[in-house]
Amino acid sequence: MEIKTLKIFSKEIESQKTFYTDVLGFNFENSSNGFSISTKENTLQFEKSETDFYYHFAFLIPTGSIPQAIDFLEQKNIKLLPHQGNKIIQFDSGRAIYFYDKDYNIVEFIERPLLNYPHIRTFSIKEIIKLNEIGLPHTDPKGFSNLLISQYGITPLNKYSFSDTFCWVGDHNGVIIITKEGRNWLPTKKPSMVNDFIVHYKNEKNEEYKVSFQNNKVISLNW
């Protein structure tokens with residue numbers, strides 16, 4: 001699964017724009033009701049909203065660059081979110097660091113060595129490869145995950161690992177992490193909340209989908 005564009009909603013749109021463009025240094029474009037930032041392979045859009053959402057999403061960075069990414073963030077006085085006292089969290093498929101943006105979204109930088117991207121020992125915002133994952137809290141994670149698989153073309157790495165509280169719907173290139181509403185987002189003690197977003201993605205068969213998640217439901221959007 002490859003995420004092409006993700007649209008999320010922001011109550012603090014001007015603060016978010018300053019954070020992502022002036023502080024972090026992403027390339028950006030303004031829109032009528034927000035702005036978008038670009039990675040090498042996809043786009044994250046922020047649209048102004050009066051609803052107080054917050055999200056968890058991850059950017060894929062080159063393998064080997066996490067120590068330099070830590071230095072980059074700390075030099076900008078961006079506090080990392082530790083887990084059991086550790087700045088870096090190790091997973092079977094990679095390692096990651098986390099921080100808050102101005103909407104208190106839980107933002108992640110993750111390395112995935114299993115993917116065939118060059119390894120580097122430096123870090124800059126312009127080297128961020130792509131938006132790699134988006135979290136989706138739901139009242140019924142397993143049932144909703146099966147719906148996305150059967151009707152929206154997403155092939156999971158391992159459907160048999162799904163639980164009633166956590167489902168990894170996608171692959172290392174791109175994933176929707178469906179968690180039980182109220183389950184804490186790693187590495188915080190912040191309970192997940194249902195939120196709205198729109199995602200355009202391409203599956204492994206090169207089929208494209210554009211869907212809107214609203215209030216525990218999914219809506220297919222016309223092109």
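As the structure is a prediction and not an experimental result, all values here were calculated from the model.
Judged by distance alone, the side chain of H200 and the main-chain N or O of K210 form no donor-acceptor pair under 3.5 Å. No donor-acceptor pair closer than 3.5 Å links the side chain of D22 to the backbone N or O of G25. Side-chain atoms of E181 never come within 3.5 Å of backbone atoms of T139 as a donor-acceptor pair (strictly under, hydrogens ignored). In terms of modelled atom types and a separation under 3.5 Å, the side chain of Y55 and the main chain of D196 share a donor-acceptor contact. In this structure a side-chain-to-backbone donor-acceptor pair under 3.5 Å is present from D101 to D103. One N or O on the side chain of T18 and one on the backbone of E14 form a donor-acceptor pair closer than 3.5 Å.
Taking the six-membered ring where tryptophan is involved, the planes of H172 and W168 are perpendicular, since the angle between them exceeds 60° and thus also 30°. Between F213 and F144, the angle of the ring planes goes over 60°, which puts this pair in the perpendicular group of the 30/60° scheme.
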**Request:** Test salt bridge (charged side-chain N to carboxylate O under 4.0 Å, His left out) on R95 and E111 and set out the steps.
**Result:** CA-CA 6 Å; R95 57 181 185 165; E111 299 177 351; 2.8 Å; yes
**Asked** When you look at S38 and N27, which way does the side-chain hydrogen bond (donor to acceptor under 3.5 Å, both in side chains) test go after all the steps?
**Response** CA-CA 6 Å; S38 299; N27 292 327; over 6 Å; no
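Residues K17 and F46 fail the side-chain proximity criterion, which asks for heavy atoms closer than 4.5 Å. You'll find the side chain of I61 stays beyond 4.5 Å of the side chain of E127, heavy atoms only. Contact annotation: the side chain of Y201 approaches that of V211 to within less than 4.5 Å [non-hydrogen atoms, C-beta and beyond]. With a 4.5 Å cut-off on side-chain heavy atoms, V199 and I3 count as touching.
Checked against side-chain contact (heavy atoms from CB on, under 4.5 Å), T39 has the following partners two or more places apart in sequence or in another chain: F26, N42, F59, I128, K130. Annotation: ring pair (Phe, Tyr, Trp, His ring centres under 6.0 Å) contacts of F109 (sequence neighbours excluded): F99, F123.
Cation-pi geometry between K76 and F72 is met: the NZ or CZ atom falls under 6.0 Å from the ring centre, inside 45° of the normal.
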